[in-house]
Amino acid sequence: MFTLLARRVASWCRRRRVLLASLAVIFMSAVLVFLYVRTDAVDPEIRNSVMLNLRELEKLDAEWDANILRAHTGRVSTPLDLSSQLPRMHDLMARLGDTLPLTGDSAAQAAYAQLREALQGKEQLVAQFAKHNPPLRAALLHMPPAVADLKTEISGIEGALAPGRIVVRLDTTLNALLTETLRYNIAPSPALAARIDEILGDVAAQQIAFSPAVNDKMDAVIASCRVILEKRPLENLLEAQIAAAGSDTALDRLEREFDRSFDAVLAERQRFRGYLFAYSAVLMVLLVYAGARLRRSYRIIGVVNRRLQSANETLEQRVAERTAELEAQSRQLERLAQHDSLTGLINYRQLTRLLERALARADRRDSVVVLMFIDLDGFKAVNDTWGHAAGDLVLQMVARRVQARLRAEDALARLGGDEFVILLEDVASEAGALRVARLALQEIESITEADGHAVTISASIGIASARGQAGAARGQEALLADADKAMYAAKQAGKGRFVVSQESQWLGHDHPTGLAQDGVTHDNTDRAANADPIG
Ligand SMILES: Nc1nc2c(ncn2[C@@H]2O[C@H](COP(=O)(O)OP(=O)(O)OP(=O)(O)O)[C@@H](O)[C@H]2O)c(=O)[nH]1
């Protein structure tokens, strides 16, 4: 089961090798790009700018707190002074909000959110503070001079008109009111509030003894006191809440978290730079390995190519040798097909070919072709007496000697057994042909010894000729038959002679000599007069 599965997977892999290689290259490139992106450098200026923003924010927050304190002590009178830092603080917060996503750190984001919340809370509290602070400030500013003024008033004409006891008491009560109210302003408490309330009741109870003008001043003092009683704890509470908003703590935390997350980002980039370096090294190794494999493949291909080339050359050489051998064999066969193996003369087949061409040429030139059919006489006796080898020797000697008497353009063929044929072209006259016949006869009869044995042979020669168009029209078979017939006639006439066929055709007035019916018989008695070959 597993083997089958493994085979299928292997076959699939082989078939999809190119696809897999492409996917691997794409995957490796994607990893490379990913690592490169993760190692993107962080601008250190960002850190500096964030830190500068935070510092400025801290400074503005501190100034804000100082303004609140100034308002507390009455040195800032308008609500506008309390919110003068806000536009710049909003701007800085927005800038920090843009920069912080760089770190992508949740703790830094949480610290930023906390700071924003703290500042928003503080802003709301300061707004309330700004609403309550002016009446309080006004009351505090009003009260001491108003009390002093009242005291002056009652110590003058008004005091003279009122009972002395009441004037003294009011003066004491006003002193107590001023003292207790100022104490309350510094450290408000319910007990002190109850005491001031009691004093105010006492002041109000003594109003009856004074004029309406004094009463108005007393009402104003009472009103300022009431404002202080109401607003002081409220302002203190708001100040406490402003302090508890924790903007400074949030700022510290954000600075800490940003620093830490920025370091973490740098460390991560550094880490990915390490990965990228290691990955690049692995890729380099793979590249070198692939290069080596490629080089090896090229080397193998080169070796295979050289071997193939060498094999090809060897094959070509063998083919050339074999072709040469076959051509030689073919030539040999051709030669064997055209020649007689014993004498080396052309055979009957080749003779007929030459004869055909010779007749065609004679046709064109109106020349004469002569054919001499030679059959040895007494050859059987040589065989019978001295054996076949001696006979062969005789046949070879006949071939050699007769051939030696012919021109290069003449042909001598052996038809088989003891039969030979001479083919002559462009024969000028019958006399010339007869001369050749005589010479052949002479050469044959000159053979008297073979292989150390005495032999006596002769030949019967039949001569036939064909001239020009008429000869060609009769054809080679007719000429051969004429020569054969003439040879037979020579045999009949007693052998050792030649007979010219009566069908022979010669040039001009050179007609066949002798009998028109039987042809001319020539014995060997006149051969001495015709010792030369045809000229
Ligand atoms: N040695 C040898 N003998 C051959 C060859 N071919 C044929 N013969 C022999 O040649 C002889 C030819 O016979 P004939 O032509 O009758 O012999 P002959 O004595 O010349 O008689 P006539 O032609 O009548 O004069 C035969 O004995 C054949 O066996 C050959 O290649 N070599």
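Order of listing sets the numbers, starting from 1, for every ligand and every atom in it.
With 3.5 Å as the limit, one finds a donor-acceptor pair spanning the side chains of Arg253 and Gln114.
The salt bridge (charged side-chain N to carboxylate O under 4.0 Å, His left out) with Glu425 is formed by just one residue from the set Arg361, Arg364, Arg407; it is Arg361.
Taking the six-membered ring where the residue is Trp, the centroids of Phe258 and Phe262 are separated by under 6.0 Å.
Sorted by chain then number, the residues whose non-hydrogen atoms approach ligand 1 to under 4.0 Å are Asp375, Leu376, Asp377, Gly378, Phe379, Lys380, Asn383, His388, Gly391, Asp392, Leu395, Arg414, Gly417, Asp418, Lys491, Lys495.
A side-chain donor-acceptor contact under 3.5 Å links Tyr112 to the backbone of Met93.
Contact check on Asp377 versus Arg497 returns no salt bridge, with no Lys/Arg side-chain nitrogen under 4.0 Å from an Asp/Glu carboxylate oxygen.
Under the salt bridge (charged side-chain N to carboxylate O under 4.0 Å, His left out) criterion, Arg401 pairs with no residue, sequence neighbours left out.
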